[in-house]
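Inspection log for the structure reproduced underneath, given as structure tokens.
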Amino acid sequence: MRMSEGVEWAAHACVLLHWLDEGGITPVPASRLAESYDLPAAYLGKQLQALARNGITESLPGRRGGIRLARPASEITLMDVVAAIEGGTAAFACTEIRQRGMNEGKPRSEFSQPCGIAHAMRGAELAWRRELAATSIADLSAATPRRVADAARRHFGGA
């Protein structure tokens, strides 16, 4: 399974927004978020828009406006971020090739159950999704050395 770099960018932005929120520094302009990781602002902006459409971040207008998390970091999972950026479609799409070619004339009843490949792929994807759903932005933040969050806050002008 391969995900776009937008997933990585969005996840890091969410963790950073959490750290900044803990320091009382949010909302933050999207351009500052992009600058903090040397990312193209327009492309990160698209990821932030996808997060906002999915209720993960919100944008506040005005001179002191910017982006912030729309709900507590403990309520935002990596699966939420992945689904916002990549969509909710299955990673594996079975096209039932076993019903073609040498098996084309066989009755459909012989193919009433998913094949072993489709079954295994679906199981693997469910395990992957469960793992992502069990990991919150707060969990990621807690697993990061405190000095990293403190340095991010200093970068944004906080204590």
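- Residues E86 and S4 come closest through the heavy atom pair OE2-OG, 2.6 Å.
- Annotation: W9 is in aromatic contact with Y43 [ring centroid separation under 6.0 Å].
- Between I117 and C94 there is no side-chain heavy-atom pair separated by less than 4.5 Å.
- Remark: T135 OG1 to D80 CG distance equals 11.5 Å, nearest 0.5 Å.
- Minimum heavy-atom separation, P114 to A118: CB-CB, 4.3 Å.
- Formation of a donor-acceptor pair under 3.5 Å by the E125 side chain with backbone atoms of A91 is found in this model.
- Residues F92 and W128 are members of separate hydrophobic clusters, defined by side-chain heavy-atom contacts under 4.5 angstrom among Ile, Leu, Val, Met, Phe, Trp and Tyr.
- For the residue pair H155 and E35, a side-chain donor N or O sits within less than 3.5 Å of a side-chain acceptor on the partner.
- Each of D21, I67, L33 was checked for a side chain to side chain contact (heavy atoms under 4.5 Å, CB included) with V28, and the lone residue meeting it is L33.
- Counting all heavy atoms, side chain and backbone alike, Q47 lies closest to A10 at CB-CB, 4.5 Å.
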Exercise for review: Could you walk me through whether R98 and E96 pass the salt bridge (charged side-chain N to carboxylate O under 4.0 Å, His left out) test, one step at a time?
Suggested key: CA-CA 5 Å; R98 64 188 179 149; E96 278 294 344; 2.6 Å; yes

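- Residues I97 and R100 form a side-chain contact, since some pair of their non-hydrogen atoms from C-beta on lies under 4.5 Å apart.
- Counting heavy atoms from C-beta outward, Y37 and L16 have side chains that approach closer than 4.5 Å.
- Nearest heavy atoms, A11 versus I137: O-CD1, 4.4 Å.
- A donor-acceptor pair under 3.5 Å links the side-chain atoms of N54 to the main chain of A50, judged by distance alone.
- Every residue two or more places apart in sequence or in another chain was checked for a ring-ring contact (aromatic ring centres under 6.0 Å, His included) with F111, and none qualifies.
- When every heavy atom of G6 is checked against every heavy atom of I85, the shortest pair comes out as C-CG2, 3.9 Å.
- No more than 12 heavy atoms of other residues, nucleotides or ligands sit less than 6.0 Å from atom CD of Q113.
- Note that NE2 of H12 and CG of L140 are 9.0 Å apart. Values are rounded to the nearest 0.5 Å.
- Summarising the geometry of G55 relative to A70, their closest heavy-atom pair is O-CB, 3.4 Å, with the distance given to 0.1 Å.
- Here the side chains of L132 and R129 are not in contact, with every heavy-atom distance at 4.5 Å or above.
- Using a 4.5 Å heavy-atom threshold, the side chains of R64 and P27 count as separate.
- The side-chain heavy atoms of E131 and M79, taken from C-beta on, include no pair separated by under 4.5 Å.
- Inter-residue side-chain proximity for D139 and L78 is flagged as unmet; no heavy-atom pair is nearer than 4.5 Å.
- Remark: L60 CG is packed, more than 12 non-hydrogen atoms of other residues, nucleotides or ligands lying under 6.0 Å away.
- With respect to D150 and R147, no salt bridge is recorded, no charged nitrogen being found less than 4.0 Å from a carboxylate O.
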Check your understanding: R68 and E22: salt bridge (charged side-chain N to carboxylate O under 4.0 Å, His left out), yes or no, with the steps?
Key -> CA-CA 11 Å; R68 69 178 181 194; E22 285 182 323; over 6 Å; no

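- A distance of 9.5 Å separates CG in L20 from CG in L69, rounded to the nearest 0.5 Å.
- Between the side chains of S136 and E75, no donor-acceptor pair of N or O atoms lies under 3.5 Å.
- Put simply, CD on E58 and CG on L51 are 12.5 Å apart, with the number rounded to the nearest 0.5 Å.
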